[in-house]
Protein chains: 2
Amino acid sequence: MEEKRYRLVQNFLKLQIQKGNFVVGSYLPSENELCTMFGVTRTTVRKGLDELTREGFIDRQHGKGSIVRDRRKSLGLLNVKGFSEAVGKDLSTVFVQHPKISLWNPDTHFAISEQEFKEKCIHFSRLRCVYEVPVMIEYNWFADNRLEGFSDIDFIEGSFFKTLSQHYHIEITGSEHELRSERVSNDIAALLKIPQGSPILHISVKFHTSKNNFFLYSELYCTTENYPIGSSYHL
Amino acid sequence: MEEKRYRLVQNFLKLQIQKGNFVVGSYLPSENELCTMFGVTRTTVRKGLDELTREGFIDRQHGKGSIVRDRRKSLGLLNVKGFSEAVGKDLSTVFVQHPKISLWNPDTHFAISEQEFKEKCIHFSRLRCVYEVPVMIEYNWFADNRLEGFSDIDFIEGSFFKTLSQHYHIEITGSEHELRSERVSNDIAALLKIPQGSPILHISVKFHTSKNNFFLYSELYCTTENYPIGSSYHL
DNA sequence: TAGTGGTCTAGACCACGCC
DNA sequence: GCGTGGTCTAGACCACTAG
């Protein structure tokens with residue numbers, strides 16, 4: 001399929017990183033070592049490493065080497081400030097609904113493709129708390145038949161994305177968001193333990209992945225009074 | 001300062017694009033032409049073009065050439081859906097406060113550096129409407145002495161960013177956001193013509209720029225009922 | 001000083017778009 | 001067919017890091 005030599009280097013290294021054979025913070029083989037491993041020149045190896053850098057898998061350090069990076073912090077995605085970033089806070093996640101096969105929920109604001117709609121989907125929802133205080137509820141849907149045996153395996157370190165990467169070698173490649181400020185519904189007010197009718201931040205997300213035609217749909221409802229949602233974008 | 005040859009190519013082309021000498025949609029000189037223009041090899045020219053691609057200035061088309069791109073749509077920044085994207089809608093912007101020298105406003109949620117705080121700042125605010133209906137009010141602050149003679153010149157096509165690029169060759173390189181869902185204040189409710197106490201989306205933004213230590217601070221208040229805020233991110 | 005990544009040359013061949 | 005960008009080679013020298 002893909003005969004470009006730099007892709008071979010790139011995909012080989014990516015797979016090793018996804019599998020955990022090169023852990024975060026460790027160094028990849030040097031460029032010269034990769035040259036002999038793959039029988040190519042440095043230009044080709046460097047092109048592969050450039051791509052991995054662009055994808056956020058590695059950082060390169062002049063005079064030292066290429067170091068494996070924690071990608072989850074570099075995606076520019078919306079996340080509760082202090083949730084995945086902050087250390088030393090008491091964070092917790094509880095399932096409101098464990099993953100199970102269900103029907104597509106009409107609540108998703110992004111259009112689901114016909115192809116997806118024909119399939120069953122998997123749904124799960126989680127409540128996110130800081131210091132035991134609920135700050136966000138998250139509803140997720142995705143096409144069932146794309147992730148073989150998903151319901152049966154556990155989330156790696158409580159992270160859906162980490163699970164996708166390590167078990168299925170699927171990465172998040174992008175996302176679309178729609179943001180609304182609404183009055184909270186009574187159901188969600190009860191779950192988040194906030195007064196009825198409070199303003200709440202509603203975020204609809206469509207995640208794009210490295211797997212063809214595989215998307216993740218999420219609806220997030222956040223109380224932003226104490227923990228505003230942060231996001232960042234850099235060139 | 002910068003002696004790398006690919007930077008020469010990159011910066012030369014970037015400046016021409018910023019000045020409008022290469023307009024959006026036109027083709028840059030071919031790689032071979034650039035080679036002879038700068039007396040370097042294709043590897044070097046291509047490295048410069050790679051950088052421009054990464055920065056969003058150009059797209060490259062196999063067999064055709066490198067085409068100048070409209071960068072403002074590629075930043076993954078938050079913008080009112082249908083504001084800068086949609087065509088055929090009746091969009092308008094009115095100044096609530098024209099640019100003038102003022103004091104730093106304590107309303108900004110991001111910390112302003114000591115260096116900036118010592119300087120005066122320029123402030124302006126604008127009301128954004130769709131079909132004459134106000135949907136967003138925007139307050140902006142930035143350090144005065146960074147943009148010589150700013151108050152006196154007009155916005156290019158009503159765009160602050162376009163003005164920064166063409167007049168000062170400054171580009172937006174990134175941004176940080178904080179999002180909150182709040183009850184609207186009475187002042188803002190009046191400006192946006194919405195009922196008092198309505199939920200409103202409050203976005204604090206710190207824009208990073210290509211000019212050292214120059215940032216733009218914005219506070220946005222958006223009614224999201226009819227026109228939700230959209231954003232997207234792609235690898 | 002040895003090893004690493006960063007820049008650069010002077011070629012070559014290929015794949016794509018267009019006439 | 002010709003010009004374009006995409007991939008690749010086989011070198012070279014430089015800049016940075018570390019023992």
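Throughout, protein chains are lettered first and strands after them, A, B, ... in sequence-line order, and every chain is numbered starting at 1. Being a predicted model, the structure only gives us computed values, none of them experimental.
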Could I get a table of every N or O pair under 3.5 Å where one atom is in the protein and the other is in nucleotides 17-19 of chain D?
residue : atom : partner : partner atom : Å
D/dA18  : OP1  : A/Lys64 : NZ           : 3.1

- Item | Per-nucleotide pairing state of DNA chain D [Watson-Crick or G-U, under 3.5 Å; [ ] pseudoknot-crossing; | other strand] | ||||||||||||||||||.
- Where is the tightest heavy-atom contact between B/Pro29 and B/Leu34, given as atom of each residue plus distance? O-CD1, 3.7 Å
- Message: By the 4.0 Å heavy-atom rule, please label B/Arg5 as base, sugar-phosphate, or nothing.
- Response: sugar-phosphate
- Message: Can you confirm whether the side chains of A/Gln61 and A/Asp59 place a donor and an acceptor under 3.5 Å from each other?
- Response: no
- 5′-ward residue of the pair B/Gly65/A/Thr43 relative to DNA chain D: B/Gly65
- B/Lys14/B/Glu55 ion pair, N-O < 4.0 Å: yes
- Item | Aromatic plane relationship, B/Phe155 with B/Phe160 - under 30° parallel, 30 to 60° tilted, over 60° perpendicular | parallel
- Note on the structure: Taken to the nearest whole Å, CZ/A/Arg60 to P/D/dC16 is 16 Å
- Message: Let's see if you get this right: which residues in residues 29-41 of chain B place a heavy atom under 4.0 Å from DNA chain D?
- Response: B/Ser30, B/Glu31
- Using a strict 4.0 Å threshold on nitrogen-to-oxygen distance, state whether B/Lys4 and B/Glu51 make a salt bridge. no
- Query: Is B/Ile229 close to B/Thr224 at the side-chain level, that is, under 4.5 Å between some pair of heavy atoms?
  - Reply: yes
- Message: Among B/Arg60, B/Arg42, B/Arg7, exactly one meets salt bridge (charged side-chain N to carboxylate O under 4.0 Å, His left out) together with B/Asp50. Which residue is that?
- Response: B/Arg60
- Item | ring pair (Phe, Tyr, Trp, His ring centres under 6.0 Å) partners for A/His208, two or more places apart | A/Phe215, B/His234
- Expected output: side-chain B/Ser165 to main-chain B/Phe161 donor-acceptor under 3.5 Å: no
- Summary of ring pair (Phe, Tyr, Trp, His ring centres under 6.0 Å) pairs that have at least one residue in residues 28-54 of chain A, sequence neighbours excluded: A/Phe12-A/Phe38
- Message: Going 5' to 3' along DNA chain C, which are the first and last nucleotides with any atom under 4.0 Å from a heavy atom of chain B?
- Response: C/dT7 to C/dC18
- For the pair B/Ser218 (side chain) and B/Val205 (backbone), establish whether a donor and an acceptor sit closer than 3.5 Å, ignoring hydrogens and angles. no
- Message: For B/Tyr217 and B/Trp104, take the angle between the two ring planes, folded into 0 to 90°, and tell me which bin it lands in: parallel under 30, tilted 30 to 60, perpendicular over 60.
- Response: perpendicular
- Can you check whether A/Ile156 reaches A/His167 side chain to side chain, under 4.5 Å on heavy atoms? yes
